[in-house]
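Let me begin by presenting the structure, written as structure tokens, before commenting on it.
Chain A is the first sequence line, chain B the second, and so forth, proteins listed ahead of strands; every chain is numbered from 1. Since this is a predicted model, take the numbers as computed values, not measurements.
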Amino acid sequence: MESLTSVIRQVPIEHYLFLSFVLFSIGLAGVLFRRNTIIILMCLELMFNSVNLLLTAFSAYHNDPGGQVFVFFIMLVAAAEVTVGLAILVMMKRNVDSVDINQLNRLKW
Amino acid sequence: MVLLALLLIPFLTALALMATRPTNAARGIALLSTIASLGVVLMLWYSFVPGQTWTPVQYDWVPWLGLRFALGYDGISLLMLLLTAVVFPFIIGAGYTQKLQHPSMVNALLLFTQSFLFGVFTAQNGFLFYIFYELSLVPVFFLLLYWGGERRRAITVRFFIYTLLGGLMLLFGLAYCVMQTSPISSDFAVLQTLHLPANTQIWLFWALFLAFAIKLPIFPFHSWQPDTYTMAPLQGTMVLGGVMLKMGLYGILKFVFPIVPVGVEYWRDTVIWLSLFGALYAGIIAFRQQDLKRLVAYSSLSHVGLLCAGLFAANTYGISGSLYQAFAHAILVVSMLYIVGALKERTGTSELGAMGGLKSKLPRLAALFFLVMVNAIALPLTQSFVGEWLMFNGLWQLNGWMAFAAVATIIVGAVYMLYAYQRAMLGPDRWKMDMADAGRNDHLFLVPLIAITLVLGFYPAPILDLVNGPVQQMLSTLTALY
Amino acid sequence: MVNTTLLTALVPGLPLLGAILIATFRRSLKGNTAGMLGTLTIGSAFALSVMLFLGFNPAAGPQTAHLFDWIHLGGMNIPFAFQVDALSLTMMLIVTGVGTLIHLYSIGYMHDDQRVSTFFALLNLFTFAMLVLVMGANYVMTFIGWEGVGLCSYLLIGFWYTTPAYNYAARKAFVMNRIGDLGFVLGLAWLFSVTGTLNFTEVFDKASNLDTATLTGITLLLFVGAIGKSAQLPLFTWLPDAMAGPTPVSALIHAATMVTAGIYLIVRSSVLFEAAPFTQDVILYTGLITALVAATIGVFQNDIKKVLAYSTVSQLGYMFVALGLGAYSAGMFHVTTHAFFKALLFLGAGSVIHALGGEQDIRKMGGLKGTIKITYITFLLGTLAISGLFPFSGFFSKDAILAHAFDRSPVLYALLLGGALITTFYMFRLLFLTFYGSYRGDKHPHESPAVMTVPLMVLAVLSVAGGMLNLPHVFGGHEPMKHYLESAAEGVSSEYLHLSATTEWALMGLSTLLVVLVIFIAYGRFAKKATLYLEADELSFFPRLFARKWYIDDLYEKLFEKPYGWFSSKFSSIGEDRVMVPLMNGAGRVTQKAGQVLRLAQTGNMSFYLFAMVAGIIVFLIMTLYGV
């Protein structure tokens, strides 16, 4: 049976890098330019996953399972973070009746 | 172990006071504790072999910082311990007439201060010194903040930040020095052997010196002092003026002189002239002060200028005189402030304009005031004279004009002291009400202090012998470094 | 032989003991007890001094009583030690001798005062300090006494502390003395730095190694100290004001003993001064100007004690002239005779004041010679002595100074003789206005008790016969005092008078003739008819100048006192309140302002924060990549 590692290695590393870069950039752009908080959270996830992808790829190329262990870690933390984020989002919806991030502008001066 | 006991006696007593909060017994307990500390210090003094440094307590604490819990003492430390231990029972004792609210808290804070001061004067490690140096500020901060007079918040915060700023400079300088050691260590013994390059020393001097210059304070870093001394509760001012400013002198001797000798050489004239200018400037200001406590604050400023100048003369007479005078000044400030308190208690004011003619009503208190004043204007056979005489000689050997400016302070000092005495005590009796003349408490407080002044003025040898050894040792290393 | 160290230490020790005892038990001492105790201790000190004097052999050199090391540090060793030699013995005898008489007198004079015990405690303390001053074996010991007498002087001038003017006078005296001390201390520091010691014997041994410039500097500084203590120009104005104290104090401190401390200091250091001719000239001219200025002021004073005060300043000027001429023994001789007759005059004045119940204005006296006879006779003898009439003591001591002056320059002689004649004039004016004519006051004069008159009589005898102490050669004497002092002060041995006996006789004849003439003029003006001077404002220019004390007090007030107060106020109101404190507060305000500006970055806009964060990361990344 062909190992997962060799399957991954069949695609050249540049492709992973490129895909990851594109995903990350899309996520970043979303975080920066969208106003809907739900979308911002989703974009954050996108960035996480781009990094995860890269970690997996490098892990395979370097024959080091550590990278893949980290991916699990990150997924775990991301899940926790999303719970908190969504909780905040629910509270926000209840309090200001909107999920527009620009509504959260009271913390100043 | 004795040194640990020295730190722990006041510290534990203070904790106990805070925990149990006795109202009536608080002063008595605190007094007993300070007397016990005095006993311990006297014991140390008795068993002290002149010219030696003892470091009996050494524990590692934070090795990578070079921070070790190392306590010890030499003659100079012992002098400082002695003055702290001698003065504190009186500071606590002043509480019997001051009657502040929450006596257990006040006394606990005072005892914490004493403990930390003992720490400062016994620390043999730079960082440990720094920790105690800043810690000692904390109880005083609360003392000033909760028991101070008018505008206490603003003034206390200002004092605290100003002093902290100096402390920060010290920390920076200290960290810089420690980084140069290998293996990392901040023991005095190691720091003193650092041979930093000359131009480093020239700027590092200010980093190390600034903290102490603010603490003393010398001109132009003194602006916090008059307000703070005036506003602070009497016991707080006694601690600040009597003991805490001596940390500045001690710090200069332990940090500035050994670590940056070239810097000292380079900046010496500047510092001396600043100090002397400050001494005259404050002395002249004191002349027209209306508030007796503020006048004492300025007079302290004037004396301290002279102390600092004497120290920076950096010769046997200058340094020994300055140290001797430090002791005299501690006793002087405490007794002078007590007089201020005693007068305020009787007349309800410390405004000189509102006093006058009190001698007719209070002949014994007037006599005590006068005896304290005799020390203040440094008449021979008082403690101050010995110190000032040595400093004048030390300064003369450096520069005649500096000695001239220094000696001019005895004129200025006589002018404001005698004028203050005249305005407070002399003149026709204009007080309708009855006043109690100095009683048992006042005598118990002032007579021992005056006695110390006269005895050590008449026979200064014990203290001079104490400091002579370490001063000579330091000077010989200094001259070797130049 | 008795233990001389103990004996020596007891001389100042007894007065100190007396002072402490009286001060401690001042409340339980009734009536005259304090006075008796005080007199007894000083009297014992006098007896001890006499014993030491008799047992002292001048040829053996100074004897030192070393008690313990006082300030011992590094190369500085200042022992607490007393030195007994011809000079200190002379001063000891004056201090304790005259002191005993004045103590005795004070028992009567201060009888009614409530704080009589305090008075005697202070007077004893003063005697202690003065004895330390003259007996100290090193300069710092002298300085102990120097400051001690200043302190006692302060306390005794302001003894009646309820009067503000007295307190002011006391403070003025102390501060002016302190200005002198500035010079003294600096001189000592200099001396120590070049010789490494301050013990008299060692300093004088090493003095020959010093160059003239250094010696001139040191001696000038020491002379500044002497100016302050001995009330010479420009620091003399405190002495007349010091008359605020009780009269015995004026007699003891401000006439007989303390004010001569400056002369003692210079005679003691004669080795140094001999080697500094420039300083000697400065001393000479300071003394000369002071003598003349004070004499002119004395003529126009109306307060009996003020006249005597200015005459003291003037006589001290003569002593300094003697020192400036290098005639140390003549100076010391005048110190001695002056102690006798000036103490006598002050005590006499005190007796007059006592008789008149506190009146001090001579315009309200007159005709007292009938009512207070003993006082009158003794006062007359004192006046004759100070006027320098043969054969009273003042004649010999003043003549010695005048002869030395003539030796230097006839002009100097003429000026000094003129000063002496002015002295005669105002002293006889004082005498005649007080005791002659008719009584112009409204009190009932009464003679003082014996306890006051006996000291007057003893001092009168001394004033008359004191000249025998140093009888010059022309009268067949051997100048015993000069020879005695030679062993103590090296400067004395180099004194030499080049005048022939004929010249001396001629000078004496001239001065005697002129003095008698002046007495007659004074008699005509003040005894036959009492010519009273008006208030200063109503006088013509020169008399007004003199009566106004040459405006020196006003000048000092404008030049020093007012500006000092002004500086004190301005340093406080501008230096502190407008510069130093705002500077500190300003630092705080800058921090606050910076915070105000920087907090605007906190817009509250989440997108902006995110954008800023990303931008920051990018910048950081670039920096890391390119290793900036």
Side-chain angles (χ1 to χ4, degrees), chain B residues 158 161-162 219-220 222-224 226-227 281-282 284-289 298 315-317 320-321 357 359-360 370 374 377 379-381 385-386 389-390 392-393 395-397 400 403-404 407-408 410-411 413-416 418-419 422 425-429 458-461 464-465 468 471-472, chain C residues 23 68-76 78 80 115 118 140-141 143-148 150-151 154-155 158 161-164 166-168 170-171 174-175 177-179 181-183 185-186 188-190 192-193 217 564-565 567-569 571-572 575-576 579-585 587-588:
Chain B
R158 200 168 65 179
I161 292 177
Y162 207 150
F219 186 88
H222 68 278
S223 333
W224 61 269
D227 276 344
Y281 170 82
I284 291 174
I285 288 181
F287 175 64
R288 276 283 175 92
Q289 284 306 312
Y298 276 109
N315 50 34
T316 313
Y317 306 125
S320 305
K359 189 174 160 123
S360 306
F370 191 81
V374 164
I377 56 180
L379 282 178
L381 298 188
F385 172 73
V386 180
W389 163 253
L390 289 172
F392 296 154
N393 276 290
L395 284 168
W396 178 276
Q397 301 199 339
F404 177 81
V407 181
I410 68 169
I411 302 175
V415 170
Y416 69 72
L418 292 179
Y419 189 50
Q422 182 184 338
M425 308 309 279
L426 306 179
D429 184 8
F458 194 68
Y459 193 66
L464 288 180
D465 290 347
N468 193 17
V471 168
Q472 296 298 345
Chain C
F68 59 90
D69 281 347
W70 181 40
I71 300 178
H72 185 138
L73 181 78
M76 183 187 284
I78 297 164
F80 202 89
R115 291 166 66 233
T118 313
V140 189
M141 286 294 288
F143 190 70
I144 297 178
W146 192 268
E147 292 288 274
L151 180 75
Y154 166 80
L155 284 166
Y161 58 84
T162 45
T163 314
Y166 294 0
N167 297 325
Y168 175 78
R171 200 152 52 84
F174 195 86
V175 171
N177 270 304
R178 270 271 152 135
I179 296 172
D181 295 346
L182 170 81
V185 171
L186 286 175
L188 295 192
W190 194 346
F192 177 75
S193 71
Y564 191 87
F567 272 117
S568 180
S569 304
F571 277 177
S572 182
E576 288 290 280
V579 180
M580 296 313 296
V581 172
L583 219 63
M584 170 178 59
N585 291 346

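At a cut-off of 3.5 Å, with distance as the only test, a side-chain donor of B:Tyr298 or C:Glu576 sits close to an acceptor on the other residue. With 3.5 Å as the limit, one finds no donor-acceptor pair spanning the side chains of B:Gln397 and B:Asn393.
Contacts with chain C were tallied for B:Ser360, B:Ala282, B:Pro226, B:Ser320; B:Ser360 has the most, counting heavy-atom pairs under 4.5 Å. The greatest number of non-hydrogen atom pairs below 4.5 Å with chain C, out of B:Phe392, B:Tyr416, B:Tyr419, is found for B:Tyr419. Options B:Phe404, B:Trp224, B:Tyr162, B:Phe219 differ in how many heavy-atom pairs under 4.5 Å they form with chain C, and the most are formed by B:Phe404. Heavy-atom pairs under 4.5 Å with chain C were tallied for B:Thr316, B:Asn468, B:Ile410, B:Val386; the largest tally goes to B:Ile410. When each of C:Ala189, C:Gly575, C:Ala587 is checked for heavy-atom pairs under 4.5 Å with chain B, C:Ala189 comes out on top. Options C:Phe192, C:Trp190, C:Tyr168 differ in how many heavy-atom pairs under 4.5 Å they form with chain B, and the most are formed by C:Trp190. Looking only at heavy-atom pairs under 4.5 Å with chain B, the residue among C:Leu155, C:Thr163, C:Asp69 that has the most is C:Leu155. The greatest number of non-hydrogen atom pairs below 4.5 Å with chain B, out of C:Leu151, C:Leu188, C:Thr118, C:Ile78, is found for C:Leu151. By number of non-hydrogen pairs under 4.5 angstrom with chain B, the leading residue of C:Trp146, C:Phe80, C:Tyr166, C:Phe567 is C:Phe80. When each of B:Val471, B:Val407, B:Leu395 is checked for heavy-atom pairs under 4.5 Å with chain C, B:Val407 comes out on top. Among C:Ile179, C:Asn167, C:Val175, the residue making the largest number of heavy-atom pairs under 4.5 Å with chain B is C:Asn167. Per-residue counts of heavy-atom pairs under 4.5 Å with chain C were compared for B:His222, B:Lys359, B:Gln472; the largest is that of B:Lys359.
For B:Asp429, the salt bridge (Lys or Arg N to Asp or Glu O under 4.0 Å) partners two or more places apart in sequence, or in a different chain, are B:Lys361. Considering only residues two or more places apart in sequence or on other chains, C:Arg178 meets the salt bridge (Lys or Arg N to Asp or Glu O under 4.0 Å) condition with C:Glu147, C:Asp181.
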Item to complete: For the pair C:Ile71 and B:Leu464, evaluate side chain to side chain contact (heavy atoms under 4.5 Å, CB included) and give the outcome as yes or no after the intermediate values.
Response: CA-CA 8 Å; C:Ile71 300 178; B:Leu464 288 180; 4.2 Å; yes
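Residues B:Ser223 and C:Met580 share a closest heavy-atom pair of OG-O, 3.4 Å. Looking at every heavy atom in both residues, B:Val415 comes nearest to C:Tyr564 through CG1-CE2, 3.8 Å.
For B:Ile377, the parts lying under 4.5 angstrom from a heavy atom of chain C are both the backbone and the side chain. Contacts of C:Val140 with chain B are made by side-chain atoms alone, with heavy-atom separations under 4.5 Å and no backbone atom involved. Of the atoms belonging to C:Phe143, heavy atoms from both backbone and side chain fall under 4.5 Å from chain B.
Listed for the C:Thr162 side chain is no donor-acceptor partner under 3.5 Å among the backbone atoms of B:Gly427. C:Ser569 places a side-chain N or O within 3.5 Å of a backbone atom of C:Gly565 that can act as its donor or acceptor partner.
A ring-centre distance under 6.0 Å is found for C:Phe68 and B:Phe458.
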